[in-house]
Amino acid sequence: MDSKEIMERANAAKAKASARMQEMLARTQEIQDAAEKRRAEAQEQEAERARRAQEQEAANLQRQQEILAQMMGAEFARQSAETEAKIAAEVQKQVGEMAGLGAQELIGKIYGDDMAMLAAAFDTLEQWEGDTEDGEEEEMTSEQLYGFVEEKLAEVARLEEPSPAPYEDSPAQWERFGILLSGIISTLNEHKLDELDVEEHIPVMDQQIVSLVRNSWGITGREELLDTLYYLAREGYRDRFERYASAVKAEDLFDEDMDAEEREGVARGWAFVSHFQGKYGSDFLLGWDIGRAAMITRWGYFIGWITRAEAVQLLSDMAQVAANGLGGWREFAQSYIFGGAFWKEVCAADAGQYLTSLTDAVRKLLGSGGDGGQWRRCPWPKPARR
């Protein structure tokens, strides 16, 4: 083989290697282009998910504002604008404090109580809001019930409470007051009242609260929770009282789909309103509606159907509603007892034991022994316009 042939073969090998290199470079570029395209598509999808999440968050906030606007009217927008940033800062502060706890401290916080005692406590949760079975109770006549209601209202009126006091411009203070608006049912169910969570987070208790909400209110998720809050804000038993008061006779309130038991409840409710409407108006049921709304808000947060920020905002704004619509804890409690009696009549259920339990809870909340009850330690806010 002469030098010329060797050179030709070398050049051919070089050309072949160069061609293969070009193919490899082209393939590499294709792979890089495909990877870049997938990366860009993933970024677009992530941006779209973030956009949708923001839209959903904005929609949730709008829904929340609509709910509370029904209670607050024009005052709602101003108060929300003033408190929103401060509440957010307070939430961040509390989150930071929890983040600072070590694992052992967190475990101790959750599981520190004796489990046997917790298991026994689970059995004490009562579904007061939805259970119309009061067991063996001697049924009152309508006249006896009306007198009993007045008796319980008078008992509450005789209790002592601190005078309303101006509140500082503190989101935490309004949040605290909002939590205490759930005080009556919280006391009956032995819920905590010193923080937003109603109980310690352990699986069996989480399930217990879910069952309570479902069985008591028929609420199975976030949307139904918000719908219920919207109902309590817009209508509630204030609207029912107004409709019953406007009816000439009970039959005017009947619906063709009602069964005999439902008609009996409507008739009893109409008679109840007819008896009391000269003394109490529909606004007197504000405490009944807002107290239940506060309880449902705390339950909803505990089981994860609304966020902490949402629950804090809801409770803080409910607190503003209560402060502007009622004059003190006793008036709030009387509203709750009166609304509870009306509810029991509409359910065609005996109310005696239920009203006694409510009154006992109020007495505990306004207790004068030792350092007093939770309500006594937190005076009713005195709005500037009162």
Side-chain angles (χ1 to χ4, degrees), residues 57 60-61 64-65 67-69 71-72 75-101 105-106 109-110 161-187 191-201 229 233 287 290-291 293-329 332 365-366 371-386:
E57 183 177 355
N60 291 340
L61 179 59
Q64 175 181 311
Q65 290 174 338
I67 291 171
L68 290 166
M71 291 181 177
M72 305 244 347
E75 187 70 8
F76 168 76
R78 183 185 68 80
Q79 291 169 341
S80 293
E82 291 178 351
T83 60
E84 183 175 356
K86 295 176 183 178
I87 289 174
E90 180 67 19
V91 170
Q92 290 299 320
K93 176 183 176 182
Q94 294 183 18
V95 169
E97 291 174 354
M98 288 299 295
L101 293 177
E105 291 173 299
L106 285 172
K109 181 177 178 59
I110 295 174
E161 71 167 303
S163 299
Y167 271 27
E168 299 176 3
D169 190 13
S170 167
Q173 193 172 20
W174 284 104
E175 177 190 345
R176 171 68 179 150
F177 176 65
I179 290 172
L180 289 176
L181 290 174
S182 72
I184 295 177
I185 294 302
S186 292
T187 298
H191 288 331
K192 295 188 294 184
L193 274 172
D194 55 354
E195 60 179 277
L196 188 57
D197 274 326
V198 295
E199 300 286 346
E200 298 293 346
H201 274 288
L229 290 174
I290 204 171
M295 189 73 262
I296 292 171
T297 298
R298 293 186 68 206
W299 282 334
Y301 165 70
F302 180 80
I303 56 185
W305 290 348
I306 57 176
T307 66
R308 178 178 179 81
E310 288 172 328
V312 168
Q313 185 68 62
L314 283 164
L315 288 173
S316 297
D317 288 328
M318 288 175 194
Q320 298 282 348
V321 175
N324 283 281
L326 298 165
W329 286 119
F332 173 82
L365 288 162
L366 284 175
D371 60 353
Q374 295 269 24
W375 284 359
R376 179 177 289 276
R377 298 196 297 272
C378 180
W380 190 268
K382 182 179 182 181
R385 72 176 182 81
R386 272 194 175 272

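All residue numbers in this chain count up from 1 along the given sequence. In this text the structure is predicted, and so the values were computed from the model without any measurement.
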Residues that Tyr301 engages under ring pair (Phe, Tyr, Trp, His ring centres under 6.0 Å), provided they are two or more places apart: none
Gap separating the CG atom of Asp317 from the CH2 atom of Trp174, nearest 0.5 angstrom: 10.0 Å
Side chain Trp375, main chain Glu161, donor-acceptor under 3.5 Å: no
By side chain to side chain donor-acceptor pair (under 3.5 Å) - contacts of Thr297 (at least two apart): none
Heavy-atom pair with the smallest gap, counting every atom of Met295 and Ser186: SD-OG, 3.4 Å
Test item: Trp329 side-chain N/O and Cys378 main-chain N/O as donor-acceptor pair under 3.5 Å: yes
Pro162 vs Arg376 side-chain heavy atoms within contact, under 4.5 Å: yes
Nearest heavy atoms of Leu181 and Ala294, plus distance in Å: CB-CB, 3.9 Å
Smallest separation among heavy atoms of His201 and Phe302, with atom names: CE1-O, 2.9 Å
Pairwise side-chain contact, His191 with Trp299, heavy-atom cut-off 4.5 Å (strictly under): yes
Under 3.5 Å: donor-acceptor pair, side chain of Ser182, backbone of Ile179: yes
Inter-residue atom distance Trp305.CH2 - Glu310.CD, 0.5 Å rounding: 14.0 Å
Approximate separation, where rounding is to 0.5 Å, of Arg176 CZ and Ser170 OG: 12.5 Å
Pro379 versus Ala165, closest heavy-atom pair with distance: CB-CB, 4.3 Å
Heavy-atom closest contact (Phe332 atom, Leu326 atom, distance): CD1-CD1, 3.8 Å
Backbone N/O of Asp197 and side chain of Arg298: donor-acceptor pair under 3.5 Å: yes
Distance (rounded to the nearest 0.5 Å) between Gln313 CD and Arg308 CZ: 13.0 Å
By side chain to side chain donor-acceptor pair (under 3.5 Å) - contacts of Thr187 (at least two apart): none
